[in-house]
Amino acid sequence: MKYVDEYRDGTAAEQLAGAIARSVTRPWTIMEVCGGQTHTIVKYGIDRVLPPQIELVHGPGCPVCVTSLEMIDRAHAIASRPDVVFCSFGDMLRVPGSRGDLLQVKSQGGDVRVVYSPLDAVNLAAAHPNRKVVFFAIGFETTAPPNAMAVWMARKRRLTNFSVLVSHVLVPPMITAILQAPGNRVQAFLGPGHVCTVMGCGEYEPIACRYRVPIVITGFEPLDLLEGVLRTVQQLEAGKAEVENPYARAVRPEGNPASRRLIEDVFEVCDRKWRGVGLIPKSGFKLRYEYRDHDAERIFEVDDIETHESSLCISGQVLKGLKKPHDCPAFGKQCTPQTPLGATMVSAEGACAAYFAYGRHLETNKSETRNPKSERNSKSELPMTETVRF
Amino acid sequence: MCLGIPGKVLETYRENDVLMGKVDFSGIRKGVCLEHVPQARPGDYVLVHVGFALSVLDEEEAGRVFAFLKEMNQLEELKVPPP
């Protein structure tokens, strides 16, 4: 219980860890969906206070990490245009594309700006009517309402010089794809708390039912994660497969209905390619036809994209839960937060960046030295195909 | 960017026909869209994703989540100045 003292409420954490240990009778593999959860797990060593039968697998829930290379390259091409002011969340500036990152575009004279909110980019468009302001609209369901509101406001204010480069991704199709992949070994999910603040819990019910997996909506603090694991293990041990919401203080079953209506008005579901994972059908949002005048992908046609990934980087396998960051030969050596080879080393929510930040690159050897899980891992790599079909 | 940050509503106003609020994040003040939490009043705490409030929180929860995000170095985005 090395790390338990660091929790704000050590006693509660110890009780939860004890309850988990008492509940477990056999090995279980649980995926935490959200990158924010991964960050907490690694920082507080939650994976190390769990009994050895429980393996936490890090999910691809980091929007910076899964934005496709094609989309990053498209962003670079648009941001390099002299008539464009390209606005983005800060994390995206250092994501490696085929030919460098957005910071390099900026250093070569591109007008690339970090904004706190897409609504700031709308105001920028209003202040500079002669410039074309483009916002890089990435994210899961949590950033969909602010991004949708930005487009909605731009149309209402008749800001024809504002557009968005949309690369939204969705959680339910992603976890469905993981469950459908041949050789999948994920048996339960810690669901993404803040995504459900927007969307509610309803869309997870059919997944839990169809694939017989418990899905426990979980927050981001150490005690939330321990409680999520406990509820998940209790369901697994009892043979149940339900959606549970112990994070009710932040998540209502229906989510935020106004936000869902706005998303529905501005976006429609589309197929989306995920970096390192491949195409997942119906796993993203794109702008509806009615908003096409604000669609940067349509306005700035970029055809000649030839992508090139680092040959060393294994972030695709990390995102799919096949490998842990320190299984990568480049981890902490050629690849660091200062010189990232892959997107998972850039974002605070990326598994590689979290492992690096909390010193796991300094630890001896490979990931699976702590318990007998190593054998299980090496035998059952999840051969997710380039295109995950339903 | 993915995790919401709690802040305290100082005042509400309309801007371009949209409900907005001045929100305090432990000393950093930002204009936040309150259109989807119309019940929020000055003194209330809201959970804000990139300038957009998604839910109302009680003070205790807001304080705890804010302290946690600070500990996790997840408040950097608040330092980005308005354009």
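Throughout, a chain's letter reflects where its sequence line sits, starting with A, and its residues are numbered from 1. These values consider heavy atoms only, across backbone and side chains, with no hydrogens, waters or symmetry-generated copies.
Between B/Glu71 and A/Lys43, the shortest heavy-atom distance links the atoms O-NZ, 3.4 Å. In plain terms, the two heavy atoms of B/Val80 and A/Tyr116 that are nearest each other are CG1-N, 3.6 Å. Among all heavy-atom pairs drawn from A/Pro146 and B/Phe52, the shortest one is CB-CB, 3.6 Å. When all heavy atoms are compared, the tightest approach of B/Gly51 to A/Leu119 is O-CD1, 3.6 Å. Shortest non-hydrogen contact noted between B/Leu3 and A/His194 is CA-ND1, 3.7 Å.
In this structure, chain B has a heavy atom under 4.5 Å from the side chain of A/Thr197, while its backbone stays farther away. Of the atoms belonging to A/Arg157, it is side-chain heavy atoms, and not backbone ones, that fall under 4.5 Å from chain B. For chain B, the nearby parts of A/Val114 are the backbone and the side chain; heavy atoms of each come within less than 4.5 Å. Using a 4.5 Å cut-off between heavy atoms, B/Leu69 does not touch chain A at all. Heavy atoms of A/Asn256 lying under 4.5 Å from chain B belong exclusively to its side chain. Contacts between B/Glu76 and chain A at a heavy-atom distance below 4.5 Å are absent for every atom of the residue. Contact of B/Lys79 with chain A is not made at all, since no heavy-atom distance falls under 4.5 Å. For A/Thr40, the parts sitting under 4.5 Å from any heavy atom of chain B are the backbone and the side chain alike.
For a heavy-atom cut-off of 4.5 Å, chain A lies close to B/Asn16, B/Asp17, B/Val18 in residues 8-23 of chain B.
The environment of B/Glu59 atom CD is sparse: at most 12 non-hydrogen atoms of other residues, nucleotides or ligands sit within 6.0 angstrom. Counting non-hydrogen atoms of other residues, nucleotides and ligands closer than 6.0 Å to CD of B/Gln39 gives a total above 12.
Aromatic ring pairs are classed by plane angle as parallel below 30°, tilted from 30° to 60° and perpendicular above 60°; the pair A/Tyr44 and B/Phe68 is parallel.
The distance from atom SG of B/Cys33 to atom CE of A/Met153, rounded to the nearest 0.5 Å, is 6.5 Å. In this structure, NE2 in A/His39 is found 7.0 Å from CG in B/Asn73, a value given to the nearest 0.5 Å.
Ranked by non-hydrogen atom pairs under 4.5 Å with chain B, the options A/Val198, A/Asn123, A/Asp120 are led by A/Asp120.
Ion pairing between a basic and an acidic side chain is recognised when a charged N comes within 4.0 Å of a carboxylate O; B/Arg64 and A/Glu221 show such pairing.
With sequence neighbours left out, A/Phe267 forms a ring pair (Phe, Tyr, Trp, His ring centres under 6.0 Å) with A/His168, A/Phe285.
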